[in-house]
Protein chains: 2
Amino acid sequence: MTSSRHPLPANRLLAALSLRSRERFVVDCDPVKLTFAEVLCESGERINQVYFPTEGFVSLLTPLDDGARLEVGIVGDEGMVGTPLLLGVNTSPLQAVVQGAGIALRMNAAAFRKHCRQDDEIQKRLNLYLHVSIRQLAQTAACTRYHSIEPRLARWLLMSRDRAHADQFHLTHEFLAYMLGVRRVGVTQAARGLHARGFISYIRGSITILDNTGLEKVSCSCYRRGNEMYEQTLGKPRGGRARAAGELAS
Amino acid sequence: MTSSRHPLPANRLLAALSLRSRERFVVDCDPVKLTFAEVLCESGERINQVYFPTEGFVSLLTPLDDGARLEVGIVGDEGMVGTPLLLGVNTSPLQAVVQGAGIALRMNAAAFRKHCRQDDEIQKRLNLYLHVSIRQLAQTAACTRYHSIEPRLARWLLMSRDRAHADQFHLTHEFLAYMLGVRRVGVTQAARGLHARGFISYIRGSITILDNTGLEKVSCSCYRRGNEMYEQTLGKPRGGRARAAGELAS
DNA sequence: CTCCCTCTGTACGGCAACGAACACATGAAG
DNA sequence: CTTCATGTGTTCGTTGCCGTACAGAGGGAG
């Protein structure tokens, strides 16, 4: 389904590397399937592998005292799962769950650490990605605090769309409620609102986006800002090489 | 006011460095006063200096579309202001505002980058701090979503106490409301609740903590978890050298 | 076709926080 | 002392979401 010559590096983070770095890196990767609801990494557990999704996407959830969880990040082909290794930590604070089935390049943690040490270009680029993730996390925190369910749902759908490269997702209101940290009923009502305006349609465990620009309008500005963050420090989404603005140091 | 031989490195992040690394590092630092409400760094602006508070503490705020802000982190003598530089980014996504007046060691950004490049021990330790910050950020996001004002207020007071090393703060309900992202009235009511149980007292712009353990009980578990995070990856709060658990990689 | 499980629609009371407004205390400035 | 700005106490109606409950609508298994 990918349009590149080799089916491998359709992950944008890797695609932006120089040919040399990319080839050396990808040698130690295995393409693996991501199946829906698969847990790539449990929170508090050791990180054994890192993942670079090429299709599908992954949610990052933070645990709370009483077993409740809240989604605090989404990873698709623009990112990676396993960022703590970049900082010398091999335990994941977050749970990584596959939201949209697909494919990822996988590398074991030790090899990943080795590549980061040996190839400065890789380390640098992944550091930039980590920075963007942190910004998104802060943005999501504020969004979750201030914005109501409907805009947040719209934002979630758009973000997922961008990462899954698909207009249709197989998930239930119940699941969305879990992600957004709200009641299922709340999701149903918000979904009905979006449906009434012709932005989405849905039936039994499947949601389809009909009107992106409509969704963007009702979604809070957090969606747009999130995209801007990415472009600012990692360059244009589909552009080949890194072309970050002027915020890189030294 | 500090009890160390030299008044300089009472910042725990620096104190945990080896003598050699610390001395080389501190040479390029200047002790500066942190005055209340001073903005150390504006969000979106270039990071010109990094700060290692030794007394007082700093809030990190994320901006929202409509000019509203939300506190997403606190930095005291356990941390630093300017972490994006660690990732090769010289623009701060967050606004850093002095909450509790005090003192910090300041270094200009270029020198800081140089030290990080040249001294692996420093880079590594600061990376660990960054990791803890990220965890706290995720925790705060969930806390802000799920927990009500009173527990959050209790947590905020405890966190500030730990960082300011003082039981009394000069701030108004209005200001606390701004930090917590709620109405001033909400803070007043929560404060009254805590006062009624004898945990705090307050008068016109000054809050005093009377009973830590009481506060800990009403505060959500996020407070305790936050401390655990720090200890897990950076060692005991007041211990001299780094003694992290088993989550360090390689 | 029928049964049954899952998913969605709808309703109810309740609560925490909201926006707005105003009264009262305190302390600094004139 | 008086004035005035600032900080805190209190109230009102409103809103968004909560917890819960139950009815209907698919869709797969038998």
Side-chain angles (χ1 to χ4, degrees), chain A residues 36-37 64 66-71 99 141-157 168-197 199-208 218-220, chain B residues 36-37 64 66-71 99 141-157 168-197 199-208 218-220:
Chain A
F36 178 73
L64 219 59
D66 51 351
R69 317 226 142 172
L70 179 66
E71 187 190 64
Q99 279 296 338
C143 180
T144 304
R145 168 67 191 84
Y146 286 113
H147 297 148
S148 53
I149 297 182
E150 194 171 296
R152 287 178 58 209
L153 175 58
R155 177 180 177 229
W156 195 95
L157 292 172
Q168 187 173 359
F169 317 107
H170 289 283
L171 33 79
T172 65
H173 294 181
E174 184 90 47
F175 211 79
L176 277 168
Y178 184 60
M179 290 299 118
L180 297 176
V182 298
R183 285 184 317 160
R184 191 224 78 208
V185 176
V187 172
T188 298
Q189 281 166 348
R192 271 177 54 76
L194 297 178
H195 174 68
R197 276 176 274 182
F199 298 159
I200 65 171
S201 71
Y202 58 95
I203 42 152
R204 260 190 102 70
S206 172
I207 297 189
T208 307
V218 301
S219 103
C220 44
Chain B
F36 179 74
L64 218 59
D66 52 351
R69 315 226 144 172
L70 179 67
E71 188 190 62
Q99 281 294 338
C143 180
T144 304
R145 169 67 191 82
Y146 286 112
H147 298 148
S148 51
I149 298 181
E150 193 172 295
R152 288 178 59 209
L153 175 59
R155 176 180 177 229
W156 196 94
L157 293 172
Q168 188 174 358
F169 318 107
H170 290 282
L171 34 79
T172 65
H173 294 181
E174 184 91 43
F175 211 80
L176 276 168
Y178 185 61
M179 289 299 119
L180 297 176
V182 298
R183 285 183 317 159
R184 192 225 75 209
V185 175
V187 172
T188 298
Q189 280 166 349
R192 270 178 53 75
L194 297 179
H195 174 66
R197 277 176 274 181
F199 298 158
I200 65 171
S201 72
Y202 58 96
I203 42 151
R204 260 190 102 69
S206 172
I207 297 189
T208 307
V218 302
S219 103
C220 45

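Please read these numbers as outputs of a predicted model, since none were measured by experiment. Chain identifiers are assigned alphabetically (A, B, ...) following the order of the sequence lines, protein sequences preceding nucleic acid strands; residue numbering begins at 1 within each chain.
Using a 4.0 Å cut-off, some side-chain N or O of A:Tyr202 falls inside it from OP1 or OP2 of C:dG9.
In this view, B:Glu174 satisfies the side chain to side chain donor-acceptor pair (under 3.5 Å) rule with no residue, not counting sequence neighbours. Residues that satisfy the side chain to side chain donor-acceptor pair (under 3.5 Å) test with B:Arg152, not counting sequence neighbours, are absent from this structure. Applying the side-chain contact (heavy atoms from CB on, under 4.5 Å) test to A:Tyr146 and every residue at least two apart in sequence or in another chain returns B:Leu64, B:Leu70. Listed by chain and number, the residues in a side-chain contact (heavy atoms from CB on, under 4.5 Å) with B:Ser201 are B:His195, B:Thr208, B:Leu210 (sequence neighbours excluded). With sequence neighbours excluded, no residue satisfies ring-ring contact (aromatic ring centres under 6.0 Å, His included) with B:His147. With sequence neighbours excluded, the residues satisfying side-chain contact (heavy atoms from CB on, under 4.5 Å) with B:Tyr178 are B:Leu61, B:Arg69. When the salt bridge (Lys or Arg N to Asp or Glu O under 4.0 Å) test is applied to B:Arg145, no partner is found at least two apart in sequence or on another chain.
Relative orientation of the A:Phe175 and A:Phe36 rings is tilted, given thresholds of 30° and 60° on the angle between their planes.
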Pick out the pairs of N or O atoms, protein on one side and nucleotides 10-17 of chain C on the other, that lie under 3.5 Å.
{"unit_1": "C:dT10", "atom_1": "OP2", "unit_2": "A:Arg192", "atom_2": "NE", "d": "3.2"}
{"unit_1": "C:dT10", "atom_1": "OP2", "unit_2": "A:Arg192", "atom_2": "NH1", "d": "3.2"}
{"unit_1": "C:dT10", "atom_1": "OP2", "unit_2": "A:Arg192", "atom_2": "NH2", "d": "3.4"}
{"unit_1": "C:dA17", "atom_1": "OP1", "unit_2": "B:Ile149", "atom_2": "N", "d": "2.8"}

Under-3.5 Å N/O pairs linking protein and nucleotides 1-3 of chain C:
none

Atom pairs, protein N/O to nucleotides 4-6 of chain D N/O, distance under 3.5 Å:
{"unit_1": "D:dT6", "atom_1": "O2", "unit_2": "B:Arg204", "atom_2": "NH1", "d": "3.0"}
{"unit_1": "D:dT6", "atom_1": "O2", "unit_2": "B:Arg204", "atom_2": "NH2", "d": "2.8"}

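B:Gly186 comes within 4.0 angstrom of no nucleic acid atom, judged by non-hydrogen atoms across all strands.
Comparing the axis of the opening five pairs of the helix from C:dC1-D:dG30 to C:dG30-D:dC1 with that of the closing five pairs yields an angle of 20°, rounded to 10°.
Atom CD of B:Glu174 is separated from atom P of C:dA20 by 13 Å (rounded to the nearest Å). The distance from atom CZ of A:Phe169 to atom P of C:dC7 is 18 Å, rounded to the nearest whole Å. Rounding to whole angstrom units, OH of residue A:Tyr178 and P of C:dC7 are separated by 15 Å. Straight-line distance from the NE2 atom of A:His170 to the C1' atom of D:dG26: 16 Å, rounded to whole Å. Here D:dT8 presents its P atom at 13 Å from NE2 of B:His195, a figure rounded to the nearest Å.
With a 4.5 Å cut-off on side-chain heavy atoms, B:Thr144 and A:Thr144 do not count as touching. Looking at A:Leu194 and A:Tyr202, their side chains never come closer than 4.5 Å, going by heavy atoms from C-beta outward.
Summarising the geometry, atom CG belonging to B:Leu153 is positioned 10.5 Å from atom OG belonging to B:Ser219; distances are rounded to the nearest 0.5 Å.
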Show me the side-chain donor-acceptor pairs of residues 179-190 of chain B shorter than 3.5 Å, one per line, residues at least two apart or across chains.
{"unit_1": "B:Arg184", "atom_1": "NE", "unit_2": "B:Thr188", "atom_2": "OG1", "d": "3.4"}
{"unit_1": "B:Thr188", "atom_1": "OG1", "unit_2": "B:His173", "atom_2": "ND1", "d": "3.0"}
{"unit_1": "B:Thr188", "atom_1": "OG1", "unit_2": "B:Arg184", "atom_2": "O", "d": "3.3"}

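Residue A:Pro151 comes nearest to A:Cys220 through the heavy atom pair CB-N, 3.8 Å, listed as atom of the first residue, atom of the second, then distance.
Position along DNA chain D of the nearest nucleotide to A:Ile203 versus B:Leu171 favours B:Leu171 as the more 5'-ward residue.
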